[in-house]
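Since the structure comes first, as structure tokens, the remarks are kept for the end.
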Amino acid sequence: MRQKTETGYFGAFGGRYVPETLIHALEELEGAYERYRDEPGFVGELDRLARDFVGRPTPLMFAERLTREWGGANVWFKREDLAHTGAHKINNTLGQILLADRMGKRRIIAETGAGQHGVATATVAALYGKECVVYMGDEDTRRQRLNVVRMKLLGAEVVPVMSGSRTLKDAVNEAIRDWVANVEDTHYIIGSVVGPAPYPRIVRDFQAVIGTEMESQGRERFGGDPDAVVACVGAGSNAIGAFYPFVGREGVRLVGVEAAGRGLATGEHGASLAEGKLGVLHGAMSYVLQTDGGQIREAHSISAGLDYPATGPEHAFLKDEGLAEYASVTDEEALEALVTCSRLEGIIPALETAHALSYAEKVAKELGSGKNMIINISGRGDKDVEVAADALGIDAREAEVATKEVEPGTTSASEADEVSS
Amino acid sequence: MSVGRLRGAFGGGRTALVPYLTGGYPTLEGAREVGEAYLEAGADVVEIGVPFSDPLADGPTIQDTTTRALANGADLDYCLGLAAGFADRAPVVFLLYYNVIFARGVQEFLREAAEAGVSGLVIPDLPVDEVGEFAELAAGAGVALCPLVAPTSTEERVARVGELATGFVYCVSVAGVTGVRDSLPPGAVELLRRVRPRTAAPVALGFGIGSERAAVEAAAEADGIIIGSKLMRLVGEGGPERAAGWLRGVREALAAASRVEAGG
């Protein structure tokens, strides 16, 4: 299994379906990665910055009230929301900026959906004094104004993408086009475990710090492996990072949670593992939301980070091999979980993370008491407060916060979308 | 058989003109008119772009046309029909992204393409590393491959592409996406000279040929020139006739240049 990943494939998934012009750059990146990944100077610099700049290791926290509320397994939070810039994204961008620097690239480009990866990229570009250009769907620049401002404060140029559906997938296309044209002096920091080889493997390795820490913290706190690890899956980087050290290990359930959006039956969702067909998007063979004719469909999720019409090839592999299980959660269910977590644990999670939290309740009950389940709290929810406030009918001017009564499958999600778009 | 036909469109002492059109742009019927106008203006091969939602090798000009074409309802079946309408008069080459082929099923696609008279395929996101058994299946179906090389391709890769090409070698003039450029980038001629000794197939140049001058410069080294963005822009501005008029000008400029070269 692992050998397959070395050649750029995970079983039948992955590969390098890109224009010839890029092959040279991908080979250069692969060469640099092989050369530096275990080199003491590189590892030392990465470790030092992970500690001092990012704040690693992030804590493993016992979620006591949620454990009691759900009445099942012990619930543990892996606190990636406490990493610098507020999400796991920085683990990858930090590793890649070190590679870019060693490859002598002076210019950094990235795509972003919700803006979290863009912010994490602009952050490390500032740290290393690199020029930084972030491509962001025109729709998303309006939905996520706060993150646009953050990127600009950090010195990055934010380019609104007007082509295609003007969302994340089009931002990826635009970043790839930029890279094709400026491949000599530019490094493309892709934001997740997608894209052509070697990206899915490199991003996974930089995110695997999450799982590695979980492993040692679990031993320390409850004396062994977790019985389950639960993480949300859009393109899939936080989940792969959390899963990776546990893949194939007896007795550890790995549970990925996709966005069911307005419901799988409506077709408006981001659940490419559940509903996608095998195909090629952004250079990799994986499960992709597409029409019968092979045109890529637009994904939908209340959480911009899960709003992507494909999943990383390694997830496709884990799914087909039965090494991980995948479920999905609607916009509405995610919103409910966001409220529950906020009120019981004092943590406002990102809407992406709320998908994992929602499904984790089921897993906790299945496991039963005495077992240990870790939820990867992939990001904090500050960026989502406007969407959540609107969907839940929270009025900032009233002292009393009221939660609108919502019934499954009704309109809160679509209202959120209207206001945010 | 159609493989031989595509090769036959090159050579004979003149540079083959390969104009591109996006299937379904500006309208379903309009694209047919564009192709007809190209043929009348002296096209040696017609290249039809099968629209795809995420054309990552294309610049804004061509992407705009594919977005429009998809909105017009253009799909693979429509493009096969379009190809069949031209194929009796000139070889037709499809430019398309791999997912469109994969979604139809590789064998099914190849069978239908051959049936429609499609002679060759340009697949920008299927580099030599990923071609695998597709090459054999295409050969079996009688459809030629026209793989791409770029200025960034290593010697080893140039050789692999040269060997794989059963149609023509598609030389990408710049490290970049498709688009209109006024003069030929210096790396283009160098690339053509690198490819030539590595292949038995004709060598064609594309990406960014946007002026008569660039076309003449390219023709001095290439067996064929592929013109896309410039023509699509002209179609957008003034319809098929505007594009065909410009193409005719290129044809004449090439003829004049080759007369000069021949000492006439």
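Keep in mind it's a predicted model, so treat the numbers as computed, not measured. Reminder, nothing fancy here: chain letters follow the sequence lines and each chain counts from 1.
Of the two parts of A:Met285, only the side chain, counted from C-beta on, holds a non-hydrogen atom closer than 4.5 Å to a non-hydrogen atom of chain B. Residue A:Asp178: no heavy atom, backbone or side chain, is found under 4.5 Å from chain B. Proximity to chain B (any heavy atom under 4.5 Å) is shown, for A:Leu278, by both the backbone and the side chain. Interface remark: B:Asp129 contributes side-chain atoms only to the contact with chain A (heavy atom separation under 4.5 Å). At a 4.5 Å heavy-atom cutoff, the contact between B:Phe52 and chain A is made by backbone and side-chain atoms alike. The part of B:Asp58 that comes within reach of chain A is its backbone (N, CA, C, O), which places non-hydrogen atoms under 4.5 angstrom from that chain. Looking at B:Leu70, only its side chain comes within 4.5 Å of chain A, counting heavy atoms on both sides. For B:Pro51, the part sitting under 4.5 Å from any heavy atom of chain A is the backbone (N, CA, C, O) and nothing else.
The side-chain heavy atoms of B:Tyr170 and A:Glu20, taken from C-beta on, include no pair separated by under 4.5 Å. At a threshold of 4.5 Å between non-hydrogen side-chain atoms, the residues A:Pro19 and B:Leu56 count as touching. Put simply, the side chain of B:Pro55 reaches to within 4.5 Å of the side chain of A:Arg177, judged on heavy atoms. Residues B:Asn99 and A:Ile296 meet the side-chain proximity criterion, which asks for heavy atoms closer than 4.5 Å.
Heavy-atom neighbours of B:Arg111 CZ from other residues, nucleotides or ligands within 6.0 Å: above the threshold of 12. Other residues, nucleotides and ligands place no more than 12 heavy atoms under 6.0 Å from the CD atom of B:Glu133. Summarising the local packing, CD of B:Glu29 is surrounded by more than 12 heavy atoms from other residues, nucleotides or ligands at distances under 6.0 Å. Few gaps surround CD on B:Glu115; more than 12 heavy atoms of other groups in view lie less than 6.0 Å from it. By the neighbour-count criterion of 12 heavy atoms within 6.0 Å, atom CD of B:Glu163 is sparsely surrounded, having that number or fewer from other residues, nucleotides or ligands. More than 12 heavy atoms of other residues, nucleotides or ligands shown are found within 6.0 angstrom of CZ on A:Arg106.
Taking chain A as the reference chain and counting heavy-atom pairs below 4.5 Å, the highest number among B:Ala103, B:Pro127, B:Pro147 is found for B:Pro127. By number of non-hydrogen pairs under 4.5 angstrom with chain A, the leading residue of B:Val100, B:Asp54, B:Leu76 is B:Asp54. In terms of heavy-atom pairs under 4.5 Å with chain B, the best-connected choice from A:His24, A:Gln295, A:Arg297 is A:Gln295.
Within the model, atoms CG of B:Asp125 and CG of A:Leu22 stand 11.0 Å from one another, a figure rounded to the nearest 0.5 Å. To the nearest 0.5 angstrom, A:Asn173 atom CG is 8.0 Å from B:Ser53 atom OG. Rounded to the nearest 0.5 Å, atoms CG (A:Leu26) and OG1 (B:Thr152) are 10.0 Å apart.
In plain terms, the two heavy atoms of A:Glu27 and B:Arg157 that are nearest each other are OE2-NH1, 3.8 Å.
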